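Nothing here was measured: the structure is a model prediction, and the numbers come from that model. Chain A is the first sequence line, chain B the second, and so forth, proteins listed ahead of strands; every chain is numbered from 1.
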Number of protein chains: 2
Amino acid sequence: MAVTLKQICEEAGVSKATVSRVLNNHPLVSKETREKVQEVIQRLKFTPNALARNLSLRRTDTIGVLFPWIFNGFFSTLLRGVDSAASELNYHVITSLSHDAGDENAMASRLLKERRIDGLILMAPSLPADQIEELKSIDVPLVVLQREIADPEVNSVSVDNFDGGLKATAHLIERGCRRILAIAGPQGSLDSDRREAGYREALKQADIAFDPDLLIRSNFNKETAFTSFENFRRRFAMPDAIFCFNDEIALGMLKYLKTIGVRVPEDVALIGFDGIEFTEFAELSTLTMPMQEMGRQAVRLLIKQIECKEKRTAEQLLLKGAVVERNSTRRRS
Amino acid sequence: MAVTLKQICEEAGVSKATVSRVLNNHPLVSKETREKVQEVIQRLKFTPNALARNLSLRRTDTIGVLFPWIFNGFFSTLLRGVDSAASELNYHVITSLSHDAGDENAMASRLLKERRIDGLILMAPSLPADQIEELKSIDVPLVVLQREIADPEVNSVSVDNFDGGLKATAHLIERGCRRILAIAGPQGSLDSDRREAGYREALKQADIAFDPDLLIRSNFNKETAFTSFENFRRRFAMPDAIFCFNDEIALGMLKYLKTIGVRVPEDVALIGFDGIEFTEFAELSTLTMPMQEMGRQAVRLLIKQIECKEKRTAEQLLLKGAVVERNSTRRRS
DNA sequence: CTGAAAGCGCTTACAG
DNA sequence: CTGAAAGCGCTTACAG
């Protein structure tokens with residue numbers, strides 16, 4: 001079997017307490033004994049059992065990350081940020097992909113209640129607000145990622161949607177576009193609302209009147225976006241530019257426009273939002289979120305909470321994205 | 001604090017042993033006491049502490065997954081398969097992304113030696129064979145994913161590279177191509193060698209002589225592929241078709257050919273290998289691996305090993321991929 | 001600076 | 001069918 005602390009203390013002729021102190025760099029150990037013990041540890045290739053240690057310490061050095069079932073390059077980049085920050089801070093990461101829409105909470109709270117994790121990062125863009133409240137009530141460190149939350153008591157890190165909407169729109173305006181169609185998300189999505197506010201602000205700054213006909217809605221996927229767009233076209237002329245509130249819609253539109261013989265960017269400029277990998281290949285301009293950094297910040301926030309239980313003042317970080325300019329908004333020559 | 005087993009047994013007026021038996025559905029508990037205990041468990045909302053349980057049981061119900069640092073949609077799909085299979089079998093998944101090339105082993109063996117995981121899935125396409133041997137020597141359940149392994153004692157699940165190379169090539173031959181350039185991986189890559197063998201077999205079946213000039217090498221990335229390809233072009237005419245041994249190369253070539261005015265598929269047909277998400281958008285035909293299924297099978301294999309320690313007969317699964325036909329190999333009309 | 005002892009929260013032979 | 005007791009492998013006041 002594996003070497004245990006007990007074998008070390010017997011071999012070194014000291015008590016378990018002493019070995020434990022050496023292991024944890026406790027200052028009150030004489031240099032001699034410390035060295036003697038260390039020698040034995042090395043010789044016997046001892047690695048402490050984390051389970052036992054954690055049971056005593058009542059913590060696990062592990063954080064849970066709850067993903068939506070459908071996750072793409074976008075989420076993997078986020079995960080990369082989470083994992084790298086966690087490992088720098090000596091934490092492990094347990095992932096949990098929710099399988100159907102409903103069981104997100106069940107999985108998360110099981111992990112939490114079984115004490116397998118010290119805290120949770122929630123990456124659930126479409127999780128209803130009341131379920132977030134429910135998890136919050138378990139009273140364990142929690143950070144919501146990639147989603148602006150209205151409740152000020154919930155820690156979150158998200159892209160600054162207002163700023164992003166503003167930048168994307170301003171970028172199009174700079175290119176000379178004035179009739180800018182926005183394909184927004186659904187009613188009630190805070191993310192969409194903030195992007196919309198940014199869109200309006202950019203128009204205002206450029207002295208362009210907001211035209212409600214130029215704001216259509218989707219469910220953040222291409223199917224619903226197409227329906228809305230076809231509807232729009234039956235009634236109105238083609239706009240100068242289209243600002244899609246996420247990349248999936250933008251990529252869909254890129255193909256769709258090609259199909260119906262509309263050239264991008266010559267006839268209409270197109271910009272997305274998110275910055276998924278795909279966009280690079282598709283040469284789609286997009287407002288790129290700092291995904292890896294968002295993952296890293298989420299971990300920092302979470303571990304901060306885990307390690308100082310007292311002051312539970314929630315923070316809500318908004319990280320700024322940047323427009324990555326590609327062919328779809330190239331200046332027309 | 002959290003409710004513990006002790007509180008349950010006091011409240012129910014039985015011993016800890018009895019509560020434990022109820023928890024684990026041990027048959028030797030009378031119906032009455034079982035019901036009484038269950039009632040208390042429900043009332044006090046007791047969830048057993050997994051740490052304590054695992055320490056007693058000397059296992060963790062957790063498997064580790066070691067990813068390469070650069071991971072894309074391809075690996076996330078694999079992870080999805082791993083996570084879903086694991087959760088069906090009541091296991092948790094700890095991920096560990098290696099940060100620089102060297103520390104893969106260190107991270108994995110730490111997880112293992114600290115007893116945080118019961119077994120490991122290794123997703124390290126480029127990990128040197130000797131490092132795999134090293135991990136193998138820790139003598140803990142291990143499955144290597146997405147990589148054919150020569151050592152018959154190592155469990156692995158991989159795509160059937162020979163079959164894939166054969167199918168991809170046969171697909172091109174069916175399209176009327178005869179001079180088929182293969183952009184292979186590096187010397188010594190078993191994956192590449194197997195794909196090459198499939199390529200040759202397909203040629204043979206079609207009575208096309210193998211031409212060594214039509215097999216060039218890359219390092220499985222586009223930069224090295226370009227260099228090889230330019231080299232090739234200086235000496236030879238454009239082939240009928242190009243079979244790229246992975247999608248990254250194929251996507252790179254797709255753009256590159258466009259740049260130099262070669263039309264796909266009119267002038268040259270193009271097929272990739274892997275089936276990453278990107279290819280769909282790019283309309284690239286590719287030999288698609290059953291990635292999610294590979295992840296699932298890896299978990300099954302691993303858990304099988306974990307749960308019956310006796311018969312350590314290694315299995316090496318080869319799952320078959322399929323050609324997904326898209327525009328890049330469309331029949332010329 | 002060091003050790004004996006209790007504790008973390010479960011499980012499981014062993015008796016009865 | 002049930003309980004007392006030892007054990008899983010660590011940590012940490014408390015004494016000295």
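Under 3.5 Å, the side chains of A/Gln316 and A/Asn155 contain no donor-acceptor pair of N or O atoms. Side chain to side chain, B/Thr95 and A/Asp83 meet the donor-acceptor criterion of an N or O pair below 3.5 Å. Side-chain atoms of B/Thr62 and B/Asp118 include no donor-acceptor pair closer than 3.5 Å. Checking A/Asn49 against B/Arg116 by side-chain atom types alone, no donor-acceptor pair falls below 3.5 Å.
Between the C1' atom of C/dC8 and the CZ atom of A/Arg59 lies a distance of 14 Å, rounded to the nearest Å. One interatomic measurement links the two molecules: CG of A/Leu23 to P of D/dG9, which rounds to 15 Å at whole-angstrom precision. For the pair B/Lys6 NZ and C/dG9 C1', the computed distance is 10 Å after rounding to whole Å. Atom pair A/Glu114:CD and C/dC10:P shows a separation of 11 Å (rounding to whole Å applied). Summarising the geometry, the separation between NE2 on B/His26 and P on C/dT11 is reported as 12 Å, rounded to the nearest angstrom. A/Asp61 has its CG atom 19 Å from the P atom of C/dC8, to the nearest Å. With rounding to whole Å, A/Leu5 atom CG is found 17 Å from D/dG7 atom P. Rounded to an integer number of Å, the gap from CG of A/Leu28 to P of C/dG3 is 13 Å.
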With Watson-Crick and G-U wobble geometry limited to distances under 3.5 Å, how should the secondary structure of DNA chain D be encoded in dot-bracket form, using | for bases paired to another strand and [ ] for crossing pairs? |||.||||||||.|||
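Taking every heavy atom of both residues into account, B/Tyr91 and B/Ile303 meet most closely at CD1-CD1, 3.4 Å. Summarising the geometry of B/Ala12 relative to B/Val37, their closest heavy-atom pair is CB-CG2, 4.3 Å, with the distance given to 0.1 Å. Here the closest heavy-atom approach between residue B/Ile63 and residue B/Val299 is recorded as CD1-CG2, 4.1 Å.
Residue A/Thr4 is in sugar-phosphate contact alone, with no base atom involved, counting any heavy-atom pair closer than 4.0 Å across all strands shown. As judged by a 4.0 angstrom heavy-atom cut-off over every strand, A/Val14 is placed among residues touching the sugar-phosphate backbone only. Looking at heavy-atom distances under 4.0 Å, B/Thr18 makes contact with sugar-phosphate atoms alone, never a base.
Considering only side-chain N and O atoms, B/Ser30 lies nowhere under 4.0 angstrom from the phosphate OP1 or OP2 of D/dC1. Between B/Arg58 and the phosphate of D/dG9, there is a side-chain N or O to OP1/OP2 separation shorter than 4.0 Å.
Within residues 31-57 of chain B, the residues approached by DNA chain D to less than 4.0 Å at the level of any non-hydrogen atom are B/Thr33, B/Leu55, B/Ser56, in residue-number order.
Between B/Gly13 and B/Lys16, the one whose closest nucleotide on DNA chain D sits nearer the 5' end is B/Gly13.
At a cut-off of 3.5 angstrom, the base of C/dG3 holds at least one donor-acceptor pair with the side chain of A/Arg21.
Of the residues listed (A/Lys31, A/Glu32, A/Glu39), the one engaging A/Glu35 in a side chain to side chain contact (heavy atoms under 4.5 Å, CB included) is A/Lys31, and it is the only one.
A salt bridge links B/Arg43 to B/Glu11: at least one charged side-chain nitrogen sits closer than 4.0 Å to a carboxylate oxygen.
A/Glu293 pairs by the side-chain contact (heavy atoms from CB on, under 4.5 Å) definition with A/Pro290, A/Arg296, A/Gln297, A/Arg300, A/Leu319, not counting sequence neighbours.
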